[in-house]
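Scroll down for the structure; my scribbles are underneath it.
Excluded from the calculations below are hydrogen atoms, water molecules and symmetry mates; all remaining heavy atoms, backbone and side chain alike, are included. Quick note: residue numbers are just sequence positions, from 1.
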Amino acid sequence: QVQLVESGGGLVQAGGSLRLSCTASGRSFENYGMGWFRQAPGKEREFVAAVNSLGSTIDYADSVKSRFTIARDDAADIVYLQMNSLEPEDTAVYYCTADRNIVARVRAGLSRFLERWGQGTLVTVSS
């Protein structure tokens, strides 16, 4: 089992940057793909970014592509989401997720079956 704790959320002005961190504890972190989802007020949870266990495949939602970067540090058991050029529309609770087949499941529309989720960290982008 892997436990996930997000951090790094907060209030930032539009155009600014923020880096979210997800720290994992448990066995075999390097065997898990990692990802980020977000849920804005009044909206469904949506996919943001994911990286497979090897770091060889990365997917981004169209809405964040070219602005956000996902990266994993297997030595430290951390996955990051670097968010640049933030917009008010990025305001949401951001959730970290871990799954051994995350990219495949996201691509197949099976996000509801992802294995583990963190509790979320709130990002608020002001105008």
Side-chain angles (χ1 to χ4, degrees):
Q1 304 284 67
V2 59
Q3 307 294 319
L4 306 174
V5 179
E6 301 96 334
S7 63
L11 176 64
V12 64
Q13 290 186 327
S17 297
L18 207 60
R19 186 178 71 170
L20 305 183
S21 299
C22 176
T23 60
S25 61
R27 301 170 64 183
S28 301
F29 172 82
E30 68 274 13
N31 296 130
Y32 282 81
M34 305 294 296
W36 292 91
F37 284 68
R38 67 186 183 186
Q39 187 166 20
K43 299 183 66 177
E44 299 293 322
R45 187 173 299 188
E46 65 176 352
F47 169 73
V48 175
V51 55
N52 69 357
S53 60
L54 296 176
S56 58
T57 303
I58 297 175
D59 281 357
Y60 295 99
D62 288 341
S63 59
V64 307
K65 195 173 300 182
S66 80
R67 299 190 298 119
F68 290 11
T69 303
I70 188 171
R72 61 185 299 151
D73 183 347
D74 287 350
D77 292 350
I78 300 174
V79 62
Y80 299 100
L81 185 68
Q82 178 66 48
M83 305 184 293
N84 299 324
S85 301
L86 283 163
E87 305 167 353
E89 292 74 21
D90 296 316
T91 295
V93 176
Y94 284 72
Y95 297 92
C96 177
T97 184
D99 190 274
R100 288 166 289 179
N101 302 293
I102 187 167
V103 173
R105 283 183 170 150
V106 169
R107 289 177 174 180
L110 300 175
S111 297
R112 70 197 310 261
F113 300 110
L114 297 176
E115 296 178 52
R116 284 283 181 175
W117 295 87
Q119 295 302 304
T121 186
L122 177 63
V123 173
T124 302
V125 184
S126 63
S127 301

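- Here the closest heavy-atom approach between residue Ser127 and residue Pro88 is recorded as OG-CG, 3.6 Å.
- Hydrophobic clustering places Val12 together with Val48 (ILVMFWY residues linked when any side-chain heavy atoms are closer than 4.5 Å, directly or through intermediates).
- Contact between Tyr95 and Gly118 at its shortest, heavy atoms only, is CD2-O, 3.6 Å.
- Contact record, Arg72 with Phe29: NH2-O, 3.1 Å, taken as the closest heavy-atom pair.
- Atom CD of residue Gln82 and atom CG of residue Leu20 lie 9.0 Å apart, to the nearest 0.5 angstrom.
- Between the side chain of Asp73 and the backbone N or O of Ala76 there is at least one donor-acceptor pair closer than 3.5 Å.
- Annotation: side chain of Trp36 is not in contact with side chain of Met83 (no heavy-atom distance under 4.5 Å).
- Across every non-hydrogen atom of Thr121 and Gly9, the tightest pair is OG1-N, 3.1 Å.
- When all heavy atoms of Ile70 and Gly35 are compared, the pair lying nearest together is CD1-CA, 4.1 Å.
- Linking ILVMFWY residues whenever their side-chain heavy atoms come closer than 4.5 Å, directly or via other members, leaves Val51 and Val106 in distinct clusters.
- Annotation: the span from Glu46 atom CD to Gln39 atom CD amounts to 9.5 Å, rounded to 0.5 Å.
- Within the cation-pi definition used here (under 6.0 Å to the ring centroid, within 45° of the axis), Arg67 does not qualify as a partner of Tyr60.
- Within the model, atoms NZ of Lys43 and CZ of Arg38 stand 7.0 Å from one another, a figure rounded to the nearest 0.5 Å.
- Grouping the Ile, Leu, Val, Met, Phe, Trp and Tyr side chains by contacts below 4.5 angstrom, directly or via other members, places Val79 apart from Phe47.
- Side-chain contact between Glu115 and Val2 is absent, with no heavy atoms from C-beta onward closer than 4.5 Å.
- Phe68 and Tyr94 have tilted rings, their planes meeting at an angle from 30° to 60° on a 0 to 90° scale.
- Atom-to-atom distance recorded for Thr69:OG1 and Asn84:CG is 6.5 Å, nearest 0.5 angstrom.
- When the side chains of ILVMFWY residues are joined at heavy-atom separations under 4.5 Å, either directly or via intervening members, Phe37 and Val123 end up in two distinct hydrophobic clusters.
- Cluster annotation: Trp117 is connected to Leu122 through the hydrophobic network of ILVMFWY side chains, with a link wherever side-chain heavy atoms come within less than 4.5 Å.
- Contact of the Arg105 side chain with the Arg112 side chain is not registered, since no non-hydrogen atoms from C-beta on lie closer than 4.5 Å.
- Residues Asp59 and Val103 come closest through the heavy atom pair OD2-CG1, 3.8 Å.
- Separation of atoms OG1 (Thr57) and CD1 (Ile102) is listed at 12.0 Å; rounding is to 0.5 Å.
- For the pair Ser53 and Tyr32, the minimum side-chain heavy-atom distance is 4.5 Å or more.
- Between Glu6 atom CD and Thr97 atom OG1 the span is 9.5 Å, to the nearest 0.5 Å.
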